[in-house]
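Shown next, in structure tokens, is the structure this report addresses.
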Protein chains: 2
Amino acid sequence: MINTASAQPVFRALADPTRREIISMLAVGARPVGEITDAFDITRPAIAKHLRILEQGGLITVEVKGRERINRLNPQALKTASDWLNYFEAFWDERLANLKTVVEDKK
Amino acid sequence: MINTASAQPVFRALADPTRREIISMLAVGARPVGEITDAFDITRPAIAKHLRILEQGGLITVEVKGRERINRLNPQALKTASDWLNYFEAFWDERLANLKTVVEDKK
DNA sequence: ATAACATAAAACCTTATGGTTTCACTTTAT
DNA sequence: ATAAAGTGAAACCATAAGGTTTTATGTTAT
């Protein structure tokens, strides 16, 4: 299975609702800090902090373009979290299958 | 897409490494609080708090059995998080496909 | 050259989080 | 009946997290 420790920066980044909304926004297209800030009711420094955490989790990449910082979603990083989760979904399916087998056997 | 707000208790529960380890442990089989505690270096009340948060996120269900509380994984709840993530994986695949198309067109 | 822009960085504040210790309460075993 | 086991709950503590305001810095436009 996926290592719990290595998944930490990703799950940490995903834990905050504002950060998840930023991810949604960046899915539509890359954006500079100010433009992202406009969509929220919090200050730019607060957004900048969220972006840093997203970057640490590998969820976004930043391209410095003159005085702007273009933030771009890196959806591949979401796979780390997805893989971790999917392991258990598989597990669940297996259990369902086993349960079904037991039920079938009782017939 | 999956609502960001409704996903909050799940993502919050997943954010802590101890809680993710508890999930891994419960995937093997349901366990009472004390047995879970034995596997960690923290106190029982700390584990109990983690279990409460997992319960709030719908990730476990608790069956009170005499003086014991049996904690059982509810892997279906992981689907909430998984669905949220998969939306973006699909998005990424689409972009990859588009990019590929552009590249193909240039030939 | 200078003003406006986009942003980072630092200092600070409040609340949430993860942990502990202590105490109380049921349930089971003797 | 009494002791032990399994747990919850409360009080408390230190640190992390999310936010703000203020100050500084490099970049673009006039």
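Here is the naming used below: chain letters follow the sequence lines, and residue numbers restart at 1 for every chain. Below, each value reflects all heavy atoms present in this structure, side chains not excepted, and no hydrogens, waters or symmetry copies. Bear in mind that the values here come from a model prediction, so they are computed numbers and not experimental data.
In this structure, B:Lys49 has no salt bridge (Lys or Arg N to Asp or Glu O under 4.0 Å) partners at least two apart in sequence or on a different chain. For A:Glu55, there are no side-chain hydrogen bond (donor to acceptor under 3.5 Å, both in side chains) partners two or more places apart in sequence or in a different chain.
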*At under 4.0 Å between heavy atoms, which parts of nucleotides 18-30 of chain C does protein reach? Answer with one letter per nucleotide, 5' to 3': B base, S sugar-phosphate only, - none.*
SBBB-----BB--

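Here D:dA17 presents its P atom at 17 Å from CD1 of A:Ile47, a figure rounded to the nearest Å. In this structure, B:Ile70 atom CD1 and D:dT7 atom C1' are separated by 12 Å, rounded to whole Å. Distance CZ (A:Arg52) to C1' (C:dT7): 12 Å, rounded to an integer number of Å. As a whole-Å value, the separation of A:Phe11 CZ from D:dA16 P is 22 Å. The CG-P distance, from A:Leu51 to C:dT7, rounds to 10 Å in whole Å. In this structure, the CG atom of A:Asp38 is 13 Å from the P atom of C:dC5, given to the nearest Å.
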Which atom pairs, one a donor and one an acceptor, fall under 3.5 Å between side chains of residues 10-19 of chain B and the rest of the protein, sequence neighbours left out?
residue, atom, partner, partner atom, Å
B:Asp16, OD2, B:Thr18, N, 2.8
B:Asp16, OD2, B:Arg19, N, 3.2
B:Arg19, NE, B:Ala13, O, 2.8
B:Arg19, NH1, B:His50, ND1, 3.1
B:Arg19, NH2, B:Arg12, O, 3.2

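Minimum heavy-atom separation, A:Ala7 to B:Arg20: C-NH2, 4.1 Å.
Tested against A:Asn71, the residues A:Leu59, A:Thr61, A:Ile60, A:Leu54 include a single side chain to side chain contact (heavy atoms under 4.5 Å, CB included) partner, A:Ile60.
Within a heavy-atom distance below 4.0 Å of DNA chain C, no residue of residues 57-64 of chain A is found.
Among residues at least two apart or in separate chains, salt bridge (charged side-chain N to carboxylate O under 4.0 Å, His left out) pairs with a member in residues 27-41 of chain B are B:Arg31-B:Glu35.
At least one donor-acceptor pair closer than 3.5 Å links the side chain of A:Thr37 to the backbone N or O of A:Val33.
Residues B:Leu51 and B:Ile47 form a side-chain contact, since some pair of their non-hydrogen atoms from C-beta on lies under 4.5 Å apart.
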